[in-house]
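Labels below follow one simple rule: chain letters A, B, ... track the order of the sequence lines, proteins then strands, and each chain is numbered from 1.
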Amino acid sequence: MFNLNKNAQKWAKRWEQAKIFEPEIDPKKKKYFVNAPYPYVNGYAHIGHLYTNMRIEACARFKRLMNFNVLFPMGYHCTGSPIVSAAQRVAEKEPKQIAILESMGFDKKEIEKFKDPVYWTKVFPKAWTEDLKELGFSIDFRRSFITTNLNPYYDKFIRWQFRTLKEKGLVMQGSHPVVWDPVEKTPIGDHDRAEGEGETPKDFIWAKFQLDDSDLILMAGTTRPDALYGQTNLWIDPNGDYVVVKVKNEKWVVGKDVLEKIEDQYAKPKVLRSITPKELIGKWVKGPIVKHKLYILPASFIDSSVGSGIVYSALEDPVDLLELHQLQSDKETIQKWNLDEKVVKKLKPIFIIKVPGMGENLGEDIAKEYNITSYKDTAKLEKAKGELNKRVFRKGVMNATCGVCKGKAVPEAQEYLKGSLVKKKEAIMFYELSGRVVSRHLNECTVKMVRDQWFIDYKDSKWKAQAHKALKSMKLYPEVIRDQFTYVIDWLHAWACAREKGLGTQLPFDEDWVIESLSDSTIYMAYYTIAHLIKKFPIAQVTDALFDYVLLGKGKAPNNKIEAMRKEFDYWYPVDVRSSGKDLIQNHLTFFLFNHTAMFPLKHWPKAMSANGWVTVDGQKMSKSKGNMILLRDLVKKYGVDASRLTILSGGEGIDDANWDSSFAETVNGKLEGIYTTCTDHYNKGRTGKKQAIDTWMENQLNSVTNQAINEMEQMQFRSAIQLSFFTLQRKIQWYLRRTQPNKQIINKAIETQLLLLSPFTPAFCEEVWESIGKKGFISSMTLPKPKQTKDVIDTEFVIEQTLKDIHALLKLLKLKTPKHVTLFVAPDWKYPFLTKLKESMKTHKDIGTLMKKLIGKDNAKETSKLIQYYIRNPAKMPDVILTQKDELAILEEAKPFLEKTFGCSVSIENAKDSSDPKAQQAMPSKVAIKID
RNA sequence: GCGGGGGUGCCGGAGUCUGGUCAAACGGGCAGGACUUAAGAUCCUGUGGCUUAGUGCCUGCGAGGGUUCGAAUCCCUUCCCCCGCACCA
């Protein structure tokens with residue numbers, strides 16, 4: 001057998017020379033445009049990339065087999081900050097970063113060059129192309145490109161896109177909270193954190209409480225604006241440090257540690273003076289929503305450095321309630337702060353929320369449930385409070401005392417109040433981290449409001465409706481991801497689409513900002529259709545008007561070259577299928593959808609999307625630390641091109657994770673060798689006459705397997721397709737060859753079909769065999785003949801396999817190795833119609849009585865009644881296929897030489913009717929009786 | 001917490017919509033046999049337990065309960081795992 005790796009190289013070169021993957025417009029052929037997200041090129045391709053891209057590659061090759069004119073392009077994504085920061089780290093000689101580059105095989109001298117971000121964008125796209133070519137990907141590399149202003153053509157395209165979006169009113173400016181590293185002065189995403197992954201800015205409000213006879217406002221933070229209806233008093237930290245600050249035109253009282261936060265999120269505060277708890281406790285304030293005033297009280301659980309440092313009390317909260325109970329009985333404290341005991345004692349919960357299954361007094365109820373007796377029981381109190389909040393949020397309904405919120409569910413009331421309080425300036429929005437976050441630079445992070453940020457307005461409801469519409473008409477592979485998309489479309493809000501740092505295209509209308517990576521990659525598939533042509537233009541001629549005409553058909557064609565691009569776009573668009581990892585459903589793929597509906601007319605909206613799971617390696621999650629991130633180039637060296645391609649796709653399908661199985665990969669080449677031998681040994685050899693049973697069987701099997709495989713590939717279910725074309729079909733062919741000397745035409749058809757079906761997965765191998773058996777032309781350019789729909793399958797395999805198994809079982813029982821003679825009894829002819837009828841009747845009737853009446857005739861009454869009882873009790877024994885006695889006899893007769901060869905003895909076939917042997921009576925349709933001598 | 005996907009043998013995974021033919025496809029691994037000087041490859045056979053002239057029984061599809069003559073499959077409850085929840089590739 002030939003060397004598989006050299007072979008792959010040989011064919012990759014030939015394909016390239018023949019340009020068979022560089023499709024041109026062909027009006028006679030239906031087009032098919034497939035693509036996957038271009039990779040971010042901060043490293044070599046690894047096994048995870050292989051999976052996603054192999055699915056598209058297999059799809060592309062499959063569609064060519066189905067006689068489509070297929071476009072499969074691939075670009076390279078350079079937009080964003082990772083390359084820039086990695087280059088920075090190289091410049092700083094950071095050991096980890098150096099080690100990463102070393103592990104990719106770069107030497108010291110070359111690593112030096114990586115301190116320039118541009119160098120990355122030269123090295124890795126080139127390396128990717130090499131890898132993909134080596135793997136035999138059927139990509140049109142003429143259309144490859146890199147993103148960012150390093151590529152002025154793409155840069156112009158993105159500028160055009162953003163101007164267009166802005167004209168449509170879908171780009172706007174605003175502010176939004178980010179997790180912020182105050183030292184590095186940069187937003188900190190999940191990946192840049194040493195601690196606190198998953199923590200986000202959580203929105204609070206700070207409600208304003210006006211101090212009586214004063215211009216001071218006490219700010220109290222809360223996540224529960226609904227509880228303002230139940231406010232009873234204000235808590236402050238009796239040992240805390242408070243300050244009076246001027247913010248905009250108001251004078252606020254807040255804890256002294258929150259000044260920086262106010263500046264980051266709201267406005268620069270000016271400290272006027274400090275203020276002691278003594279000056280506040282025992283005074284009255286007036287808060288939003290309710291009419292009554294609140295008394296300011298000290299509380300043990302308040303810390304002036306947390307939140308705003310002030311909290312309002314709603315006594316449905318167990319913490320507040322127990323604190324109050326404590327205070328009410330604590331004469332000493334009341335005296336110490338010179339409080340009015342009458343006022344304190346009078347305080348009691350105001351019931352505002354009804355939770356099914358709980359009494360009116362929620363705080364008391366939950367405290368009882370958790371067996372809490374003291375305000376000092378803080379651990380239990382925290383739990384109780386958490387549980388209560390959960391119940392309130394899920395099931396709570398605002399009761400009649402709640403004015404406009406009466407009858408509203410709690411979450412709804414919260415949203416409403418947040419909006420209306422801020423609008424009425426009775427509160428401000430404020431954000432706190434949901435947990436501690438430490439950046440990779442080891443700085444404690446805060447929340448910062450980024451101002452003048454540019455957004456793409458995905459919350460626009462008309463736009464959402466369009467996206468839903470697009471989704472509805474799309475095919476999804478697998479279909480189960482639809483709910484996820486629906487959810488994401490609804491959930492998506494405005495997306496901050498520009499950054500202050502990183503590679504990319506500058507926002508054309510605000511050049512201080514660079515468009516970030518998820519936003520410059522939403523409609524670039526359109527750019528593929530013209531990428532190879534546009535770069536022939538002088539850059540100055542690439543204008544908005546050009547894109548308007550080529551991509552939107554606006555205006556008139558200025559010249560033939562531009563007209564040619566318009567034709568190209570018009571022919572190839574829309575995208576027929578875009579596939580990616582499932583992680584991109586919630587951002588990229590949905591953006592892709594949104595932006596297409598905004599930019600293009602209906603006929604150019606994408607047709608289908610596909611998503612796949614992650615790759616595990618031998619059952620292990622892939623990660624750098626485990627050292628199982630296998631690079632493509634290493635993979636190919638170890639297992640070979642065809643084996644790598646086949647293994648990764650047979651590792652999984654659908655949305656589940658795919659497992660790269662090394663032991664399977666190791667066996668693939670052997671299996672291919674087997675197929676090679678079968679093909680070359682049997683192609684164009686065999687008899688001419690036709691055998692009724694086994695030849696028909698083979699033809700039917702071939703058609704049936706081919707049909708099934710095509711169906712699976714249509715659904716992008718490549719593992720199933722491999723299962724069928726690699727294993728099932730091979731097994732069928734083997735069985736056919738074992739059973740009989742093949743019919744020449746049939747075996748040729750089988751071999752050709754198998755090679756064609758395998759060609760999307762192991763193309764180089766298939767090309768070589770294709771050539772070896774004397775076929776002309778590339779198999780990669782062939783069309784798979786449409787298989788016939790199968791009918792009237794005479795299932796010879798079933799009958800013979802069953803018989804073989806039975807004989808084997810018998811031999812084992814008898815501890816016989818070499819029988820002298822085997823007699824096979826075929827069931828008497830009456831059993832065939834009888835069993836067929838019984839099988840049919842059992843579908844509708846289950847009771848023995850009815851069946852007896854229905855089926856027992858004059859003849860064989862005793863036996864039939866026994867059989868009915870037997871099959872009712874053991875429906876599993878009913879055979880799959882019931883042939884006619886005639887067919888069964890023919891099949892066995894035809895297989896006689898085969899059986900004799902298998903068991904090394906003579907075989908005779910008898911009709912049970914003509915035998916007096918007691919064993920003969922056991923014969924049933926599809927299950928011969930066997931006697932061994 | 002919210003949304004989505006899952007839990008089946010030594011392993012990867014079919015089967016779930018449309019309940020019965022399911023001790024469970026297909027593959028891997030393992031064991032035995034054939035071939036071979038030998039290894040590899042290939043082919044055959046086996047691979048839950050106990051039995052057994054081709055049969056029968058038990059156990060089994062995360063756990064518990066229900067519907068049904070019958071449940072991996074339908075319903076309810078519950079536990080566990082994975083992914084996403086953004087400003088980022």
> Quantified in whole Å, what is the P atom distance between nucleotide B:U78 and nucleotide B:G28?
Replying inline: 42 Å

> If pairing requires Watson-Crick or G-U wobble contacts with both distances under 3.5 Å, which nucleotide is the partner of B:C43?
Replying inline: B:G33

>> Can you list everything that forms a side-chain contact (heavy atoms from CB on, under 4.5 Å) with A:S517? Sequence neighbours excluded, please.
In response: A:H77, A:T79

> side chain to side chain contact (heavy atoms under 4.5 Å, CB included) with A:F594: which of A:L492, A:L589, A:T522?
Replying inline: A:L492

> Starting at CG of A:N587 and ending at P of B:C83, how long is that distance when rounded to a whole Å?
Replying inline: 16 Å

> Across the strands shown, which category fits A:W614 at heavy-atom distances under 4.0 angstrom: base, sugar-phosphate, nothing?
Replying inline: sugar-phosphate

>> Ignoring hydrogens and geometry beyond distance, is a side-chain donor-acceptor pair present between A:W180 and A:D264 at under 3.5 Å?
In response: no

>> Quick check for you: to the nearest 0.5 Å, what is the distance between A:D520 atom CG and A:T148 atom OG1?
In response: 8.5 Å

> Taking the C1' atom of each, how far is B:U59 from B:A24, in whole Å?
Replying inline: 14 Å

> Heavy atoms under 4.0 Å, any strand shown: does A:Q484 hit a base, just sugar-phosphate, or nothing?
Replying inline: base

> How far, in whole Å, is B:A39 from B:G32 if one measures between their P atoms?
Replying inline: 12 Å

> Could you give all pairs that pass the salt bridge (Lys or Arg N to Asp or Glu O under 4.0 Å) test and reach residues 482-496 of chain A, with sequence neighbours left out?
Replying inline: A:E479-A:R482

>> Tell me the interatomic distance from A:N612, atom CG, to B:G5, atom P, rounded to whole angstroms.
In response: 17 Å

>> Taking side-chain contact (heavy atoms from CB on, under 4.5 Å) as the definition, give me every residue that meets it alongside A:Q97, ordered by chain and number, with sequence neighbours left out.
In response: A:A86, A:R89, A:V90, A:E94, A:I100, A:L101, A:W120

> Taking atom C1' in both B:U51 and B:C58, what distance in whole Å separates the two?
Replying inline: 11 Å

>> Output the rounded distance in Å from CG (A:D656) to P (B:G7).
In response: 8 Å

> In whole Å, what is the span from the CG atom of A:L584 to the P atom of B:A89?
Replying inline: 12 Å

> If you look at every strand shown and take non-hydrogen atoms under 4.0 Å, does A:T728 touch a base, only sugar-phosphate, or nothing?
Replying inline: nothing

> Is there a Watson-Crick or G-U wobble partner for B:A72 with both distances under 3.5 Å, and if so, which one is it?
Replying inline: none

>> Partner lookup for B:U67, please. Criteria are Watson-Crick or G-U wobble with both distances under 3.5 angstrom; report none if nothing qualifies.
In response: none

> Can A:D657 and A:T616 be counted as having a side-chain donor-acceptor contact under 3.5 angstrom?
Replying inline: no

> Is B:U55 paired to anything, Watson-Crick or G-U wobble with both distances less than 3.5 Å, and if yes, which nucleotide?
Replying inline: none

>> Measuring only the P atom in each nucleotide, how far is B:U42 from B:G27? A whole number of Å is fine.
In response: 13 Å

> If the P atom of B:U47 is compared with that of B:C81, how far apart are they to the nearest Å?
Replying inline: 36 Å

>> Both distances below 3.5 Å, Watson-Crick or wobble geometry, any strand: find the nucleotide opposite B:C85.
In response: B:G1

> Considering heavy-atom distances to RNA chain B, does A:T200 or A:A658 have its closest nucleotide positioned more toward the 5' end?
Replying inline: A:A658

> Taking only residues two or more places apart in sequence or in another chain, which ones pass salt bridge (charged side-chain N to carboxylate O under 4.0 Å, His left out) with A:D457?
Replying inline: A:K459

>> Both A:V480 and A:H176 contact RNA chain B. Taking the nearest nucleotide for each, which residue is further toward the 5' end?
In response: A:V480

> Over how many whole Å does the gap from A:I655 atom CD1 to B:G7 atom P extend?
Replying inline: 14 Å

> Looking across every strand, which nucleic acid part, if any, lies under 4.0 Å from A:S519 by heavy atom: base, sugar-phosphate, or nothing?
Replying inline: nothing

> How long is the line joining CG of A:L724 and P of B:A14, in whole Å?
Replying inline: 14 Å

>> From CD of A:E653 over to P of B:G13, roughly how many Å is that when rounded to an integer?
In response: 11 Å

> Taking a pair as Watson-Crick or G-U wobble with both distances under 3.5 Å, which nucleotide is matched to B:U21?
Replying inline: none

>> Taking only the C1' atom of each, what is the distance from B:C80 to B:C69 in whole angstrom?
In response: 34 Å

Could you list all N or O pairs between the protein and nucleotides 27-30 of chain B that sit under 3.5 Å apart?
unit_1 : atom_1 : unit_2 : atom_2 : d
B:G28  : OP1    : A:K671 : NZ     : 2.5
B:G28  : O2'    : A:S663 : OG     : 3.1

> A:K582 has an atom NZ; how far is it from atom P of B:C85, in whole Å?
Replying inline: 13 Å

>> For the C1' atoms, the ones on B:G46 and on B:G7, what distance do you get once it is rounded to whole angstrom?
In response: 29 Å

> Does A:R719 make a side-chain N or O approach to OP1 or OP2 of B:A14 shorter than 4.0 Å?
Replying inline: yes

> Counting side-chain heavy atoms from C-beta on, which of B:G12, B:C88, B:G4 comes nearest to A:P187?
Replying inline: B:C88

> What orientation do A:H176 and A:F455 show, parallel under 30°, tilted 30 to 60°, or perpendicular over 60°?
Replying inline: perpendicular

>> Holding to side-chain contact (heavy atoms from CB on, under 4.5 Å), I want the full list of residues that pass it with A:K671, two or more places apart in sequence or in another chain.
In response: A:F726, A:F727

> When we call it a touch if two heavy atoms are under 4.0 Å apart, what does A:I585 touch: a base, just sugar-phosphate, or nothing?
Replying inline: nothing

